[in-house]
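Have a look at the structure below before the remarks.
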Amino acid sequence: MKLSQRITQINGGGSDGWGVFYKARQMVADGVPVTELTIGEHDIRTSQDILAAMNASAMAGHTGYAMVPGTDDLRRMVADRIAARTAVPTTKDNILITPGGQAALFATHMAVCNPGDTALFIDPYYATYPSTLRGAGAIPKAIVTSPDTAFQPTRAALAKAAKGATSLLVNSPNNPTGAVYSMATMTAIADTCIANDLWLISDEVYDTQVWEGEHISPRSLPGMAERTLVVGSMSKSHAMTGSRVGWICGPCDVISRLIDLAINTTYGVAGFVQDAAHFALGQGVEVEETVAAPFRRRRTLALEALDGQNVVRAVPAQGAMYVMLDIRATGLSGEAFADALLEAELIAVMPGESFGQAAAGHVRVAMTVADEAFTDALGRLVRFAQNHAKVAAQ
Ligand code: PLP
């Protein structure tokens with residue numbers, strides 16, 4: 001029996017650079033003590049009081065079908081949070097609650113792209129982007145950035161790619177690079193969208209993790225609210241990755257269409273999970289800062305570990321839970337470096353190549369282990385790189 005092209009071609013094909021990740025996972029399963037600095041998951045779990053709220057809601061009977069667009073309370077809470085942070089008038093009718101940011105990325109592209117439309121995204125990129133766009137029927141097209149511009153897309157590159165495209169997906173704070181887009185970058189993005197009549201999908205799941213600069217939501221720029229769909233999530237901000245709860249914020253008529261899609265796909269998000277998210281957001285910004293604090297601290301530890309040498313250079317990470325390291329001085333590709341580091345030092349990092357061609361010769365380090373183990377791993381990574389650089393220079 002033949003499967004659809006939609007599903008068989010979702011992953012594109014070719015090496016996706018995730019071999020090191022799976023190898024490390026297998027080693028851990030075999031009992032090998034690997035330090036895993038690979039995926040973006042906190043080393044803490046969802047807090048007990050959020051779980052207590054979830055439990056109380058479930059025990060009180062919120063276990064039936066929940067409202068498909070989301071509960072009124074949570075939609076209002078998300079709308080108020082966005083309005084307070086961006087000064088863009090936002091009501092519950094601008095919000096659809098989704099099972100996490102990933103589902104929101106898919107749904108937004110389903111909403112704006114016809115089959116065969118060109119959907120732009122920025123390289124380096126979060127690993128699922130091209131396949132999510134393909135899954136929605138679009139043709140993904142990368143706008144390649146450069147370490148020389150700290151991985152911020154340039155106005156010229158945006159303008160060149162935009163002709164004939166339907167949508168542009170951006171992510172700031174960025175996974176994998178940690179870049180937080182400047183006002184100049186966001187203005188260039190907005191100007192490009194307006195000039196070329198593009199939809200903008202703004203993935204803001206790391207908006208609570210900004211170490212330098214300021215998070216700018218492009219929906220707040222002039223003329224952008226009517227063409228921007230913001231993707232948000234409780235995963236990173238509240239360590240609720242497993243709860244699968246996020247949202248889309250956009251124009252009311254688009255949200256109304258997205259509700260039609262939700263009725264026919266997810267049929268909403270568990271009511272007790274939504275109540276837990278409502279409780280969590282109601283705890284205010286201190287909770288978000290507490291969840292973000294270890295990454296802020298470890299970013300400083302990472303920069304200290306790299307001090308006094310120039311074989312491994314950090315791309316200036318201004319946000320998110322990762323540091324991107326330039327290891328080109330070792331003469332190795334990101335993939336070869338990550339593979340050799342895993343074998344020699346039992347440290348697992350992600351090859352830059354897993355996130356697109358712009359990040360070749362880099363590795364991404366997730367700051368997701370305890371401070372001491374993190375500092376130790378980075379010290380060993382630097383020494384390993386220095387030894388390789390010496391061999392390369394001989
Ligand atoms: N967007 C980015 C950039 C991410 O890094 C992730 C997860 O790692 C997601 C979206 C999806 O997050 P979730 O589906 O858990 O909300």
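Whatever order the structure lists ligands and atoms in, that order sets their numbers, starting from 1.
Applying the side-chain hydrogen bond (donor to acceptor under 3.5 Å, both in side chains) definition to pairs two or more places apart or across chains, those involving residues 290-304 are D43-R298, E212-R299, R297-D371, R298-D371.
Checked for salt-bridge contact, D197 and R227 meet the test: a charged N lies under 4.0 Å from a carboxylate O.
When only non-hydrogen protein atoms are considered, atom 11 (C) of ligand 1 lies nearest to Q102 N, 3.8 Å. Of all protein heavy atoms, the one lying nearest to atom 8 (O) of ligand 1 is K236 NZ, 2.8 Å. What sits closest to atom 9 (C) of ligand 1 on the protein, heavy atoms only, is Y126 CE2, 3.5 Å.
Comparing G101, A320, S237 by heavy-atom distance to atom 13 (P) of ligand 1, the nearest is G101. When the heavy-atom distances from atom 3 (C) of ligand 1 to D203, T98, I39 are ranked, the shortest goes to D203.
When non-hydrogen atoms are compared, ligand 1 lies under 4.0 Å from the side chain of R244 (C-beta onward) but not from its backbone.
Checked by distance only, ligand 1 and Y206 come closer than 3.5 Å through their nitrogen or oxygen atoms. When only interatomic distances are considered, the shortest N/O to N/O separation between Y322 and ligand 1 does not fall below 3.5 Å. Where the criterion is an N or O separation shorter than 3.5 Å, residue side chain and backbone included, T241 fails it with respect to ligand 1.
Side-chain N/O atoms of S47 and D49 include a donor and acceptor closer than 3.5 Å. Between the side chains of T185 and S182, at least one donor-acceptor pair of N or O atoms lies under 3.5 Å.
When each atom of ligand 1 is checked for a heavy atom of S235 under 4.0 Å away, the hits are 13 (P), 15 (O), 16 (O). Near N171, the atoms of ligand 1 lying under 4.0 angstrom from a non-hydrogen atom of the residue are 3 (C). Within ligand 1, the atoms closer than 4.0 Å to a non-hydrogen atom of S233 are 13 (P), 16 (O), numbered from 1 in the order shown.
Partner of L37 under the side-chain contact (heavy atoms from CB on, under 4.5 Å) criterion, chosen from I347, L341, V323, L381: I347. Put simply, the residue from E288, E204, E214 that forms a salt bridge (charged side-chain N to carboxylate O under 4.0 Å, His left out) with R85 is E288.
Checked by atom type and distance alone, the side chain of D123 never pairs as donor or acceptor with a backbone atom of I143 at under 3.5 Å.
Ring planes of F295 and W211: tilted class, angle from 30 to 60°.
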